[in-house]
Amino acid sequence: MTLFVLLAFTGCYRPTPYPEIVGVPKSLMSETRIVGRSVEHRPIECLVLGEGKDVTLILATIHGNEPAGTPLVQNLREHLQRYPRLLQGRRVVLLPVANPDGLAHNRRHNARGIDLNRNFATANRINSPTSGYRALSEPEARVIEQLIRQYAPDRIVSIHQPLACIDYDGPAQLLAQRCAQHCNLPVKKLGARPGSLGSYAGLRLGIPIITLELPGRASRLNRQSLWQRYGAVLIAAIVYPDSVTLIEGFKKHFLN
Ligand SMILES: [Zn+2]
């Protein structure tokens with residue numbers, strides 16, 4: 001009690017928006033798992049948090065020169081581990097770097113020059129030197145497809161740059177609108193690109209998917225600034241369609 005009064009007096013104490021559980025249950029802890037290898041044999045890492053039925057898949061940096069989503073996902077992992085109540089009834093699958101070779105070389109495509117976000121099996125698919133001569137020709141795209149098969153996500157968030165908007169495919173208009181309430185990015189329908197993950201998951205499989213297009217300048221923000229601006233979008237997607245009050249608590253305590 002004395003400590004509480006002292007912290008409150010000095011301004012160091014801030015009530016948390018969700019009860020913080022000391023000693024996170026083992027089932028909520030995430031083990032980093034290598035789920036595949038890139039063309040240049042870099043590990044592709046996946047983290048799974050929670051054991052609930054409602055599943056959200058969040059992936060970043062499928063385009064290697066759009067890296068801002070990766071620290072955002074890393075911050076999300078820490079937040080979920082700190083506030084595991086968000087994971088009750090939920091499971092969150094994180095792919096922080098979907099294109100590790102592209103990230104290492106600071107380029108959009110993978111090491112074979114293929115745009116992974118054009119490499120999926122879709123009705124509008126075009127075979128070409130940059131989209132691959134067949135669907136899922138690239139190991140990195142196969143990892144994503146395998147995760148979708150394995151976890152059957154209820155919704156997907158794919159983080160890109162630099163178009164500064166929230167795009168969506170499939171039955172995700174309401175999800176996109178909800179997420180847009182928690183950042184300064186407008187909802188924009190950019191259209192289903194041939195062979196894209198949005199076309200595959202959203203249109204072919206009917207899984208709501210949003211493309212969180214961060215602005216280009218997001219790459220220059222530090223992790224904390226990124227989290228303050230866009231963390232609530234990811235939380236909103238995870239708890240969708242529930243728990244607006246939790247999100248409001250998040251905004252009140254973390255974003256102001
Ligand atoms: Zn992109």
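Both counts, for ligands and for their atoms, begin at 1 and track the order of listing. All values below were derived from every heavy atom in this structure, side-chain atoms included, with hydrogens, water molecules and symmetry-related copies excluded.
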Completion exercise
min-distance N/O/S atom, H63 vs the Zn ion (ligand 1), resolves to ND1
Problem - E66 backbone or side-chain N/O/S under 2.8 Å from the Zn ion (ligand 1) - result: yes
Completion exercise
Quick note, ring pair (Phe, Tyr, Trp, His ring centres under 6.0 Å) partners involving residues 119-143, not counting sequence neighbours, are F120-Y200
Handout entry: Side-chain ion pair, D167 and K188, N-O less than 4.0 Å
Key = no
Completion exercise
The N/O/S atom of H160 lying closest to the Zn ion (ligand 1) is ND1
Problem - Spacing of CZ belonging to R178 relative to CG belonging to L174, to within rounding of 0.5 Å - result: 8.5 Å
Problem - Side-chain heavy-atom pair L214, L72 within 4.5 angstrom cut-off - result: yes
